Amino acid sequence: MAYRVTILTLFPEMFPGPLGVSITGRALNEGKWALDVVNIRDSATDRHRTVDDTPYGGGAGMVMKADIVAAAIRKAKEANPKARVAFMAPAGRPFKQADAERLSREEGLILLCGHYEGIDQRVLDALVDEELSIGDYVLTGGEVPAMVITDAVVRQLGGVLGNAETLHEESFDDGLLEYPHYTRPEVWEGQRVPDVLLSGHHGNIAKWRLEQARARTAERRPDLLEKKK
Ligand code: 4H7
């Protein structure tokens, strides 16, 4: 059975969006993974299809209702019964490459996208396995984070990446930032390609790339070097 991703959202028209093109789109068309998009509003029961209500304790904004969101999650679980359920939130645990690898080894994924001020905590406690954040910024909704996580997970699935793409992955899965890349022409607007890359000396090229990756990491992400020790 193909890996199934179920998205629970108030804005289903946002999908597949970027997931429908390039590597993820090709893999989707080839049946290497499946995407279900479920409108949370379809689980509303009243005449106005209400999904939100005012917060207990007061304050600005609205909160997504526990009963409606719970019904949507339960419906998603019927079609994707062994899936891990994740909620995209600014207060979530930071999503890392290791999470993409771990989630790709699960039997499917249900991603819950919040809007308004968030979702009633009780449905999260009862039905959500983990809460994830893609970074320290606030977004309008959880849809873009869900796309980010789906992209990162799908490219870890077997048979999704081509040979060249897989090789590249391996050479830079070492906790360093990537080295800089160059292609023709040799001189562009007065800037030359570094001589070593034209030398044909594969040992020197590998050494230079590693030095570049280390220097960049020290400059831009010293936290990553600290972790490697
Ligand atoms: C849960 C709770 C994820 C989800 C609140 C989601 C950033 C990330 C959301 C909110 C997200 C991330 C709703 C609070 C919109 C702010 C204006 C959806 N933002 N939002 N409010 N970093 N937003 O992964």
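Each ligand, and each atom within it, is numbered from 1 in the order the structure gives. From a predicted model like this one, the values you see are computed outputs, not experimental measurements. Sequence positions, counted from 1, serve as the residue numbers for this chain.
- Interatomic distance, CD1 of I110 versus NZ of K77, reported as 6.5 Å (0.5 Å rounding).
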Exercise answer: donor-acceptor pairs, residues 9-20 side-chain atoms, under 3.5 Å, sequence neighbours excluded:
from, atom 1, to, atom 2, distance (Å)
T9, OG1, F11, N, 2.8
T9, OG1, E143, OE2, 2.6

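- Ion pairing between a basic and an acidic side chain is recognised when a charged N comes within 4.0 Å of a carboxylate O; E78 and R74 show no such pairing.
- Within a 6.0 Å sphere centred on CG of D125, heavy atoms belonging to other residues, nucleotides or ligands number more than 12.
- Distance alone, capped at 3.5 Å, places no donor-acceptor pair between the T150 side chain and the M147 backbone.
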Write out each pair where an N or O from ligand 1 and one from the protein are under 3.5 Å apart, with the distance.
from, atom 1, to, atom 2, distance (Å)
ligand 1, 19 (N), L139, N, 3.0
ligand 1, 21 (N), Y116, O, 3.4
ligand 1, 22 (N), S133, OG, 3.3
ligand 1, 22 (N), G135, O, 2.8
ligand 1, 22 (N), Y137, O, 3.2
ligand 1, 23 (N), L139, O, 3.0
ligand 1, 24 (O), I134, N, 2.8

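- A salt bridge does not link R93 to E131: none of the charged side-chain nitrogens sits closer than 4.0 Å to a carboxylate oxygen.
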